[in-house]
Amino acid sequence: NKSSLVKLGAVAERYKTAASNAKGVVVPKDSVLYHVRIVNSLLYFATTLEQMVKYADEPLASLALLSTYNTAELEVYNSFNDLATFQKNKKL
């Protein structure tokens with residue numbers, strides 16, 4: 001469905017924008033690695049979405065990208081979850 005692909009492309013752009021905006025955020029030294037992981041995971045997910053749009057008409061590529069999609073989605077979730085756990089356990 002072409003309209004769904006257009007929407008998916010727009011979502012990918014939003015993730016890229018979010019990653020770009022996040023790169024400009026100044027974070028405490030002890031959370032830099034968490035921040036970098038979040039930015040990278042957002043870019044990974046955006047790139048995966050872009051590739052899904054690009055190869056939508058190719059069944060084998062689409063199948064491979066579904067697995068990549070699941071991995072990228074989990075990385076976004078885990079990167080934010082790890083930052084939340086770090087913040088929750090941080091001693092002031």
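What you are looking at is a predicted structure, and each value in this text was computed from that prediction instead of being measured. Below, all heavy atoms of this structure are taken into account, side chains as well, without hydrogens, waters or symmetry copies.
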Just checking [X]: does its [atom1] atom have more than 12 heavy atoms from other residues, nucleotides or ligands closer to it than 6.0 angstrom?
X	atom1	value
Leu5	CG	yes
Tyr44	OH	yes
Phe86	CZ	yes

Distance check, rounded to the nearest 0.5 Å: [X] atom [atom1] versus [Y] atom [atom2]?
X	Y	atom1	atom2	answer
Asp82	Ser31	CG	OG	13.0 Å
Tyr34	Thr85	OH	OG1	8.0 Å
Phe45	Leu74	CZ	CG	11.0 Å
Leu49	Tyr15	CG	OH	7.5 Å
Ser79	His35	OG	NE2	11.0 Å
Leu66	Met52	CG	CE	5.0 Å

Leu83, Val27: one ILVMFWY side-chain cluster at the under-4.5 Å cut-off?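 Shared cluster, no.
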Is the backbone N or O of Asp57 less than 3.5 Å from a side-chain atom of Ser62, with the two atoms forming a donor-acceptor pair by type?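 Not a single qualifying donor-acceptor pair exists.
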Distance-only, no hydrogens or angles: does the Ser20 side chain make a donor-acceptor pair with backbone N or O of Lys16 under 3.5 Å?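 No; judged by distance alone, with no hydrogens or angles, the pair does not exist.
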Check whether any side-chain heavy atom of Tyr69 lies under 4.5 Å from a side-chain heavy atom of Glu73, and answer yes or no.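 Yes; the side chains approach each other to less than 4.5 Å.
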